[in-house]
> 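Before we start, here is the structure in question, set down as structure tokens.
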Amino acid sequence: MNNLELSDVRIRLVNYYKDNKEFDKAKEQVNIGIKQAEELDYLGLVFKWECLLLEIYELSGDVDKMRCLYKKFALKSNVDKSEYIIKWKNTYTASEWSLVLKEFINEVIKDVDEFCKKNTYMNIDDYNIKLLEKLGKVYVLENMTQDLFNLLSQVKDLGLVLSYIEFLQKHFKASILVDILMPLVLIYAKGLNSRSGYRTLAYTLKDIQDRFTSESEKIDTTILTLQELYPRRTAMIDELRNFRLL
């Protein structure tokens, strides 16, 4: 029986203990599973075990342990952290959460600062993207619109900024958002060298144009700038025309 099969057997045993409210036995088996997964560097399996551990803490009402895991999951960049942030928040009163949230944000900023100092290959753009990965969802859930806007204004990745555009549209004027997006379009276009990339560019510009009809003049100016900057990129011009942008 291989390691993954053994894990499946152990998970069934944990669920048996959990369903029978034998939480100490369940936690013991989970901790063994976590240790083995960590030794094998199976990060996905570690997370699966930790989620099971969280279920046990929730069922047994262990608030302190629940908060620890909610916070840990809220710090992860590769999971949808919304559920964990909301549950974490719900373990506090409004006044308590205000302080916890402030400490959490400061901790994240400090951790990213230290990470970037240790990894000297990272530049300011990498720094801002890492901050957004850690804090973007928190800012949305907590309706911290100005904090999110200030951070996004420093991010030079068109796709990342666009992923927050629906939220930003509820709080900021179209002219302000288009002023942020158009320079990012030019940066994005500069790195393209394939028809599929040009098609994505044209589709993105069409989407921006449809979202911000009042700002068509700024958007059209950017499209004409692309045509002037890259007259030899005939495939790009073709794709812009296919989307009726030229």
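Here the structure is a predicted model, which means the values were calculated and not measured.
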> Same cluster for Met182 and Ile187 if Ile/Leu/Val/Met/Phe/Trp/Tyr side chains link at under 4.5 Å?
yes
> May I ask you to check whether Tyr139 and Phe149 place their ring centers less than 6.0 Å from one another?
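Ring-ring flag for Tyr139/Phe149: false, centres at least 6.0 Å apart.
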> Quick check: closest heavy atoms across Cys51 and Tyr84, and the distance to 0.1 Å?
SG-OH, 3.9 Å
> Would you check if Leu205 and Leu226 make a side-chain contact, meaning some heavy-atom pair closer than 4.5 Å?
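Heavy-atom side-chain distance check passes, below 4.5 Å.
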> Are Leu43 and Phe115 connected in a single hydrophobic cluster, I mean Ile/Leu/Val/Met/Phe/Trp/Tyr linked by side-chain heavy atoms less than 4.5 Å apart?
no
> Could you tell me whether the side chain of Asp207 and the main chain of Tyr203 form a donor-acceptor pair under 3.5 Å?
no
> Could you tell me if the side chain of Asn31 sits less than 4.5 Å from the side chain of Lys35, heavy atoms only?
no
> What distance separates Gln29 CD from Glu22 CD, expressed to the nearest 0.5 Å?
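Reported value, rounded in 0.5 Å steps: 11.0 Å.
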> Hydrophobic cluster membership, with links at side-chain heavy-atom distances under 4.5 Å among I/L/V/M/F/W/Y: are Ile124 and Val161 in one?
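Yes, because Ile124 and Val161 connect within a single hydrophobic cluster, where side-chain heavy atoms sit under 4.5 Å apart.
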> Go through the side-chain N and O atoms of Trp97 and Glu142 and say whether any donor and acceptor fall under 3.5 Å apart.
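Distance-only check passes for Trp97 and Glu142.
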> A quick test of your reading: do over 12 heavy atoms of other residues, nucleotides or ligands sit less than 6.0 Å from NZ of Lys218?
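Above 12, so yes.
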> Between Ile11 and Asn15, is the side-chain contact (heavy atoms from CB on, under 4.5 Å) condition met? List the steps.
CA-CA 6 Å; Ile11 287 171; Asn15 284 326; 3.7 Å; yes
> How about Arg10 and Trp49: do any of their side-chain heavy atoms sit closer than 4.5 Å?
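With C-beta onward as the side chain, the pair touches.
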> Can you tell me if Asp80 and Ser82 form a side-chain donor-acceptor pair at under 3.5 Å?
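Ser82 and Asp80 do have a side-chain donor-acceptor pair below 3.5 Å.
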> Please determine if Lys27 and Asp24 form a salt bridge, counting it only when a charged side-chain N lies under 4.0 Å from a carboxylate O.
yes
> Quick one: closest heavy-atom pair of Asn193 and Tyr198, and the distance?
CA-OH, 3.6 Å
> Please check if atom CD in Glu217 has more than 12 non-hydrogen atoms from other residues, nucleotides or ligands closer than 6.0 Å.
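No, not enclosed.
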> Could you label the plane-to-plane angle of the Trp88 and Tyr92 rings as parallel, tilted or perpendicular, counting under 30° as parallel and over 60° as perpendicular?
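Aromatic pair Trp88/Tyr92 classed perpendicular.
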> Is there a donor-acceptor pair under 3.5 Å between the side chain of Asn119 and the backbone N or O of Met122?
no
> Name the residue from Leu181, Leu201, Leu186 that meets the side chain to side chain contact (heavy atoms under 4.5 Å, CB included) definition with Leu158.
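So, applying the side chain to side chain contact (heavy atoms under 4.5 Å, CB included) to Leu158 and each of Leu181, Leu201, Leu186, only Leu181 qualifies.
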> Let me confirm one number: the NZ-CG distance from Lys134 to Asp111, rounded to the nearest 0.5 Å.
7.5 Å
> Nearest heavy-atom pair of Val155 and Leu184: which atoms, and what distance?
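It is O-CD2, 3.7 Å.
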> Check whether any side-chain heavy atom of Tyr127 lies under 4.5 Å from a side-chain heavy atom of Gln154, and answer yes or no.
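Answer no - side chains too far apart.
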> Check whether more than 12 heavy atoms from other residues, nucleotides or ligands sit under 6.0 Å from atom CD of Glu166, and answer yes or no.
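Not buried by this count: 12 neighbours or fewer within 6.0 Å.
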> Quick test of your reading of the model: are Arg12 and Asp8 salt-bridged, counting only N-O distances below 4.0 Å?
no
> Would you find a donor on one side and an acceptor on the other, under 3.5 Å apart, between the side chain of Asp125 and the backbone of Lys156?
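Here the side-chain-to-backbone pair does not exist.
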> Give a yes or no on whether the backbone of Lys81 and the side-chain of Lys76 come within a donor-acceptor separation of less than 3.5 Å.
no
> Taking Leu240 as the starting point, is it possible to reach Leu229 by hopping between hydrophobic residues whose side chains are less than 4.5 Å apart?
yes
> Hey, could you give me the CZ/OH distance between Arg67 and Tyr57, rounded to the nearest 0.5 Å?
14.5 Å
> When rounded to the nearest 0.5 angstrom, what distance separates CG in Asn90 from OH in Tyr70?
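That separation rounds to 8.5 Å.
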> Gln146 and Asn150: side-chain donor and acceptor closer than 3.5 Å?
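Result is yes, a qualifying pair exists.
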> Is the number of heavy atoms from other residues, nucleotides or ligands under 6.0 Å of Lys137 NZ greater than 12?
no
> CZ of Phe73 to CG of Leu75: how many Å apart, nearest 0.5 Å?
11.0 Å
> Do Thr91 and Lys87 have side-chain heavy atoms sitting under 4.5 Å apart?
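No, side chains not in contact.
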> If every non-hydrogen atom of Ile56 is compared with every non-hydrogen atom of Ala26, which pair is closest and at what distance?
CD1-CB, 3.6 Å
> Can you see which heavy atom on Leu45 is nearest to which on Ser7, and at what distance?
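Looking at all heavy atoms of both residues, the shortest contact is CD2-OG, 3.5 Å.
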> Does a side-chain N-to-carboxylate-O contact under 4.0 Å join Lys206 and Asp210?
yes
> How long is the gap from CG on Leu151 to CG on Leu160, to the nearest 0.5 Å?
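Nearest 0.5 Å value for the CG-CG distance: 10.0 Å.
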> Would you check if Asp126 and Lys130 make a side-chain contact, meaning some heavy-atom pair closer than 4.5 Å?
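No, every pair of side-chain atoms sits at 4.5 Å or beyond.
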> Side chains of Leu101 and Val138: does their closest heavy-atom pair fall under 4.5 Å?
yes
> Of all the heavy-atom pairs spanning Ala202 and Leu245, show the shortest one and how long it is.
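Ala202 and Leu245 have their closest heavy atoms at O-CD1, 3.4 Å.
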> Can you find a heavy atom in the side chain of Thr145 that is under 4.5 Å from one in the side chain of Leu168?
no
> Same cluster for Ile176 and Tyr164 if Ile/Leu/Val/Met/Phe/Trp/Tyr side chains link at under 4.5 Å?
yes
> Is there a side-chain contact (heavy atoms from CB on, under 4.5 Å) between Ile109 and Leu135 once you walk through the steps?
CA-CA 9 Å; Ile109 294 172; Leu135 292 177; 4.1 Å; yes
> Give the C-alpha distance, both sets of side-chain angles, the deciding distance and a yes or no for side-chain contact (heavy atoms from CB on, under 4.5 Å) between Leu54 and Glu58.
CA-CA 6 Å; Leu54 178 57; Glu58 288 174 335; 3.9 Å; yes
> Let me see the working for Leu162 and Ile208 under side-chain contact (heavy atoms from CB on, under 4.5 Å), right down to the final yes or no.
CA-CA 9 Å; Leu162 283 173; Ile208 294 172; 4.2 Å; yes
